[in-house]
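Written out below as structure tokens is the structure these notes cover.
Counting convention: from 1, in listed order, for ligands and their atoms alike.
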Amino acid sequence: MIKHPVHGRFGPYGGQYVPETLMGALEELEGVWHEAKADAQFQLELAGHRHAFIGRPTPLYAASRLSAHFGGAHIHLKREDLCHTGAHKLNNAVGQALLAMRMGKKRLIAETGAGQHGVAVATVAARFGLDCAVYMGTEDMRRQSMNVRRMKLLGAEVKEVASGTKTLKDATSEAIRDWVTNVHTTHYIIGSVVGPHPYPEMVRDLQRVIGDEAREQYLSVDGKLPDVVVACVGGGSNAIGIFTAFLDDKDVSLVGVEAAGSGIRTGKHAASLVGGRPGVLHGAFSYLLQDGEGQVLPTHSISAGLDYPGVGPEHSFLRDVERVDYVAVGDKDALAAFKLCTKLEGIMPALEPAHALHQAGVIARELGPGGRILVCLSGRGDKDMDSVESPTKSEAAP
Ligand SMILES: *Cc1c(COP(=O)(O)O)cnc(C)c1O
């Protein structure tokens with residue numbers, strides 16, 4: 001395993017760039033997490049919820065018709081789309097809800113852009129009887145009205161954020177403000193491997209179940225490991241979740257796929273690692289999309305889950321040391337992969353992992369019939385049907 005000598009850092013990346021008033025809460029969270037990780041009773045409880053509530057282990061699926069279509073390389077899908085609520089996000093939300101209760105906190109807050117993370121948090125709040133407030137920009141509430149309804153039915157209060165761009169960035173600022181005010185009663189569930197330490201490490205540990213399961217399943221089906229593991233990267237939690245189990249397997253290539261939107265050169269994209277440079281956003285030092293003055297740039301992707309200007313600090317490190325290869329795939333290719341997977345496999349992928357599926361096709365053609373590729377299918381695509389049927393209408397508002 002790669003060792004990181006500086007506490008809370010991945011090489012130079014990560015850290016805790018937060019107001020002084022939150023340092024105590026971050027310290028408490030880190031302490032409780034380390035204690036819980038070593039507590040057999042906690043692990044047993046977490047395993048129970050993973051099994052009966054989330055539906056784990058999720059299957060490893062041989063995508064034989066996609067394989068044939070792309071020239072014969074073996075393509076397997078790790079089926080996170082079969083998790084309860086339709087994506088890997090619940091793996092994190094369940095774990096953090098248990099930690100909140102361990103800290104005696106009875107209120108959960110979250111920020112959400114597309115609403116998927118908000119739904120995951122509202123779901124665990126309902127399951128464990130906790131209060132819940134989800135911050136969401138006015139513009140996102142309009143675009144994602146179905147998820148707003150889901151959250152409300154689950155009992156969450158959806159707090160409309162009408163300031164700034166009325167989207168995720170401003171919703172995050174409001175959530176942080178709430179946390180500063182109510183830190184003694186409230187736990188803030190961040191939805192990816194981003195934010196200040198210990199979130200990137202803790203969320204990785206909660207998502208690594210994806211790769212731990214997949215590695216074992218792959219070995220038991222195939223007797224050896226895949227040549228390549230491919231996953232999409234928004235904040236980077238499903239990718240880190242599947243990569244972590246393979247980091248020490250030097251013969252396994254790891255490929256992270258960002259959103260190239262309309263194309264890197266158009267400036268309308270969300271590829272922080274491919275097209276950005278390091279800076280501080282939401283409490284951590286990592287690659288991000290910024291202008292010459294360090295102002296965070298607006299992003300674009302057809303998939304809301306990848307439409308974020310930053311990325312988790314561990315990915316920045318893995319990019320610099322070249323353990324993971326990061327590439328970017330655009331809207332058009334992702335749409336085509338969405339349609340292909342739906343028609344050939346009877347599995348409608350979310351638009352986020354459709355980016356990874358396109359790249360898997362490119363790699364399959366390079367490797368030929370002997371190739372072996374594992375793809376993280378991070379979520380299901382019902383939520384994306386409007387975007388797929390009329391791609392321009394659902395485009396991000398300015
Ligand atoms: C939110 C989301 C993502 C992006 O988040 P990561 O933290 O990068 O995993 C990817 N896929 C799906 C289905 C999502 O809902």
Quick one: does ligand 1 sit under 4.0 Å from the side chain of Lys89, the backbone, both or neither, non-hydrogen atoms only?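 Side chain only.
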Tell me if the CG atom of Asp251 is crowded by more than 12 foreign heavy atoms within 6.0 Å.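 Incorrect, the count does not exceed 12.
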Quick one: OG on Ser378 to NE2 on His355, what's the gap to the nearest 0.5 Å?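 Here the rounded value is 10.5 Å.
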Using a strict 4.0 Å cut-off to heavy atoms of Cys232, name the atoms of ligand 1 that fall inside it.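 Every atom of ligand 1 under 4.0 Å from some heavy atom of Cys232: 10 (C).
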What atoms of ligand 1 come within less than 4.0 Å of a heavy atom belonging to Gly379?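 Near Gly379, meaning under 4.0 Å from one of its heavy atoms, ligand 1 has 13 (C).
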Would [X] count as a polar contact of ligand 1, with the cut-off being nitrogen or oxygen pairs under 3.5 Å?
| X | result |
| --- | --- |
| Gly234 | yes |
| Gly236 | yes |
| Leu306 | no |
| Ser192 | yes |

Side chain to side chain donor-acceptor pair (under 3.5 Å) between Arg208 and Thr244, worked out: CA-CA 6 Å; Arg208 68 166 293 168; Thr244 298; 5.7 Å; no
Yes or no: does Ala239 have any heavy atom under 4.0 Å from an atom of ligand 1?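 No.
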So, 4.0 Å and heavy atoms of His88: is ligand 1 close enough to count as a contact?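 Judged by the 4.0 Å heavy-atom criterion, His88 does count as contacting ligand 1.
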Listing request: all side-chain hydrogen bond (donor to acceptor under 3.5 Å, both in side chains) pairs with a residue in residues 272-289, at least two apart in sequence or in separate chains.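 Only His282-Tyr308, Ser286-Ser316, Tyr287-Arg319, Tyr287-Asp320 qualify under side-chain hydrogen bond (donor to acceptor under 3.5 Å, both in side chains).
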Look at atom 6 (P) of ligand 1 and find which of Ser378, Ser237, Pro353 reaches it with the closest heavy atom.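 The residue whose heavy atom sits nearest atom 6 (P) of ligand 1 is Ser237.
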So does Asp178 get a backbone contact from the side chain of Asn182, meaning a donor-acceptor N/O pair under 3.5 Å?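 Checking the backbone N and O of Asp178 against the side chain of Asn182, a donor-acceptor pair under 3.5 Å is found.
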Measure from the side-chain N and O atoms of Ser67 to the backbone N and O of Gly72, and report whether any donor-acceptor pair falls under 3.5 Å.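 No, Ser67 side chain to Gly72 backbone: no donor-acceptor pair under 3.5 Å.
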To check your reading of the model: name the closest protein heavy atom to atom 4 (C) of ligand 1, its residue, and the distance in Å.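 For this ligand atom, the closest protein heavy atom is Gly305 O, 3.3 Å.
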Tell me every residue that passes side chain to side chain contact (heavy atoms under 4.5 Å, CB included) with Glu160, counting only those two or more places apart in sequence or in another chain.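 Glu160 satisfies side chain to side chain contact (heavy atoms under 4.5 Å, CB included) with Thr138, Met141 once adjacent residues are dropped.
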Would you please classify the geometry between the Tyr13 ring and the Phe285 ring as parallel, tilted or perpendicular, with 30° and 60° separating the classes?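 Because their plane-to-plane angle is under 30°, the rings of Phe285 and Tyr13 count as parallel.
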